[in-house]
Number of protein chains: 2
Amino acid sequence: MLNYSSSEENYLKAIYHLQAETGKVTTNALADELNTRPASITDMMKKLSSKGLLNYKPYYGFSLSAEGRKAALIIIRRHRLWEFFLAEKLGFGWDEVHFVAEELEHVSSKKLIDKLDEYLGFPQFDPHGDPIPNSKGKINTTVLVPLAELPINQPAKVVRVANKSTQMLELLGDKKIAIGSVIQVQKRFDFDGSLELRLKPSLTEIISEQLAKNIFVQL
Amino acid sequence: MLNYSSSEENYLKAIYHLQAETGKVTTNALADELNTRPASITDMMKKLSSKGLLNYKPYYGFSLSAEGRKAALIIIRRHRLWEFFLAEKLGFGWDEVHFVAEELEHVSSKKLIDKLDEYLGFPQFDPHGDPIPNSKGKINTTVLVPLAELPINQPAKVVRVANKSTQMLELLGDKKIAIGSVIQVQKRFDFDGSLELRLKPSLTEIISEQLAKNIFVQL
DNA sequence: ATTAATTTTTAGGTTTGTCTAAACATTTAA
DNA sequence: TTAAATGTTTAGACAAACCTAAAAATTAAT
Ligand SMILES: [Mn+2]
Ligand SMILES: [Mn+2]
Ligand SMILES: [Mn+2]
Ligand SMILES: [Mn+2]
């Protein structure tokens, strides 16, 4: 049914992400995201809008059409399922999966992805805690709360980490925090925003506000 | 270390296969194999030989250099490991794996392939019975005998099927022959070359010469 | 040994996706 | 409210990987 080039797919995905994160998408922001030049963005915007994937008026910006959003979600589904596979089955580290999935996501067999999904047990979140759209493109829109804003003594599950660097992975390992951990905030120090967490009845850890802003939990 | 485009990889692989099957490679044969025009072959031959992957003299034909052979084996390794994965883990049919692997083989992470190999238990043959090169590019060169030439009463294991069509799969299913089956030829009818096979002490099947020529066994 | 047929290469185009430099629009600042 | 800065689009090129049609080389047939 659908068949887009790897380039088109990367553009659709990037537009979707920028739209979700910042509300609107600009030519420069997209060029920055995709490591291309603004002129290339304009070229591709014309192409995608002529294919009905984008609403585009010169100088007025652009946004995904219903069809474009649908296509983007298919690619995001592929990407996150592959990330899950790499981490869960092949033992890749958290911080290594993204780069490889960036290539695997362009393999376009629908059967492949649906079988993979089944084989993996229909996972709900990728290794970074981001939700995986189902085969109909529906995405779990559970509202995630940054740990920095979690009310005191409210238990919650860690499901997503915004920053995906090696340094972050290292720090989380040290603090014994992982995707799936159930956590509650025991105390918030207003001076620097640092938090005292309770991980298990007998295990507490102190984390910085900066770290807390990058950890997302589900109530 | 190495990084070739998908096109270059497909050419290298096709040259390797034609070289192995027919001894030499011609412009037309290659164009035929790759569904392109002879002119496109000449273009790519210049490119690949300028990269040192090919020995090429205009009008005199071409053959893979040592480096080209090495690159081809890496791609064949990827292809066959993915085929094995699709058949073994995701439940794809024999006849469905090739098409998808044709795309997956171009994902270039060495770590991905080596981890996949390990995850799959270092398989020796793909679902068609073709040998899988190891991570150093060494390929199992076990000589395979077409079932049509197997001596009477010599037990042997089915390891490869040359024709990969759905029709073939259907016929083999009907005759209860699969990769891994241990077989011996009980009688050869010289009139039409058909064979009476013994599959288990109490199970015999008659197969045509045409089928027997497409089934390869290991002694 | 010419001529004819086949194979291979060259010449010149096309499409996709990129780029730089210049022009044009919009936004911000003086 | 004009000028400067910023953001976006156009114009024109380029490389990769294809193509068709014509030319050149090789091989096969008279
Ligand atoms: Mn990608
Ligand atoms: Mn992810
Ligand atoms: Mn391929
Ligand atoms: Mn195979």
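Both backbone and side-chain heavy atoms feed into the values below; hydrogens, waters and symmetry mates do not.
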Exercise for review: Please determine if a side-chain N or O atom of B/Thr42 lies less than 4.0 Å away from the OP1 or OP2 oxygen of C/dT9.
Suggested key: yes

**Study point:** Short side-chain N/O contact from A/Lys46 to OP1 or OP2 of D/dT9, under 4.0 Å
**Key:** no

Exercise for review: Quick one: which residue pairs count as a salt bridge (Lys or Arg N to Asp or Glu O under 4.0 Å) with a foot in residues 31-46 of chain B, not counting sequence neighbours?
Suggested key: none

**Study point:** Among B/Arg160, B/His98, B/Arg80, B/Glu83, side chain to side chain donor-acceptor pair (under 3.5 Å) partner for B/His128
**Key:** B/Glu83

Practice item. Starting at atom CD of A/Glu8, determine the distance to atom P of C/dT16, rounded to an integer number of angstrom. Key: 9 Å

Study note, to complete from the structure: Result for 5'-nearest mapping on DNA chain C, choosing between A/Ser5 and B/Met45, is B/Met45

Exercise for review: Look at the rings of B/Trp82 and A/Phe85 and say which category their plane angle falls in: under 30° parallel, 30 to 60° tilted, over 60° perpendicular.
Suggested key: tilted

Only distances under 3.5 Å count here; give the side-chain donor-acceptor pairs of residues 22-29 of chain B to other protein atoms, sequence neighbours excluded, each with its distance to 0.1 Å.
residue : atom : partner : partner atom : Å
B/Thr22 : OG1  : B/Leu18 : O            : 2.9
B/Thr22 : OG1  : B/Lys24 : O            : 2.8
B/Thr26 : OG1  : B/Ala29 : N            : 3.1

Practice item. Take the protein atom CD of B/Glu9 and the nucleotide atom P of D/dA16, then report the distance between them rounded to whole Å. Key: 16 Å

Point to revise | For B/Glu103, all residues meeting salt bridge (charged side-chain N to carboxylate O under 4.0 Å, His left out), sequence neighbours excluded | key: none

Review point. In whole Å, what is the span from the CG atom of A/Asn3 to the P atom of C/dT16?
Key: 14 Å

Review point. Can you find a side chain N or O atom of B/Ser7 that sits less than 4.0 Å from OP1 or OP2 on D/dC18?
Key: yes

Point to revise | Any residue meeting salt bridge (charged side-chain N to carboxylate O under 4.0 Å, His left out) with A/Lys213, in chain and number order, not counting sequence neighbours | key: none

Exercise for review: Report yes if a side-chain nitrogen or oxygen of B/Tyr4 is closer than 4.0 Å to either non-bridging phosphate oxygen (OP1 or OP2) of D/dA16; otherwise report no.
Suggested key: no

Point to revise | Nearest-angstrom distance from the residue atom CG of A/Asp43 to C1' of C/dT20 | key: 12 Å

Review point. What salt bridge (Lys or Arg N to Asp or Glu O under 4.0 Å) pairs are there with at least one residue in residues 112-124 of chain B, not counting sequence neighbours?
Key: B/Arg77-B/Asp114, B/Arg77-B/Asp117, B/Lys110-B/Asp114

Review point. Of all of residues 52-64 of chain A, which get a heavy atom below 4.0 angstrom from DNA chain D, listed by number?
Key: A/Tyr56, A/Pro58, A/Tyr59

Point to revise | Strand contacts (DNA chain D) in residues 16-39 of chain A, 4.0 angstrom heavy-atom criterion | key: A/Thr26, A/Thr27, A/Asn28, A/Pro38, A/Ala39

**Study point:** Set of salt bridge (charged side-chain N to carboxylate O under 4.0 Å, His left out) partners for B/Glu105, sequence neighbours left out
**Key:** B/Lys13

Check your understanding: How close or far is atom C1' of C/dT18 from atom CD1 of A/Ile41, stated in whole angstroms?
Key -> 11 Å

Point to revise | Qualifying salt bridge (Lys or Arg N to Asp or Glu O under 4.0 Å) pairs, either residue in residues 48-58 of chain B, two or more places apart | key: B/Glu8-B/Lys51

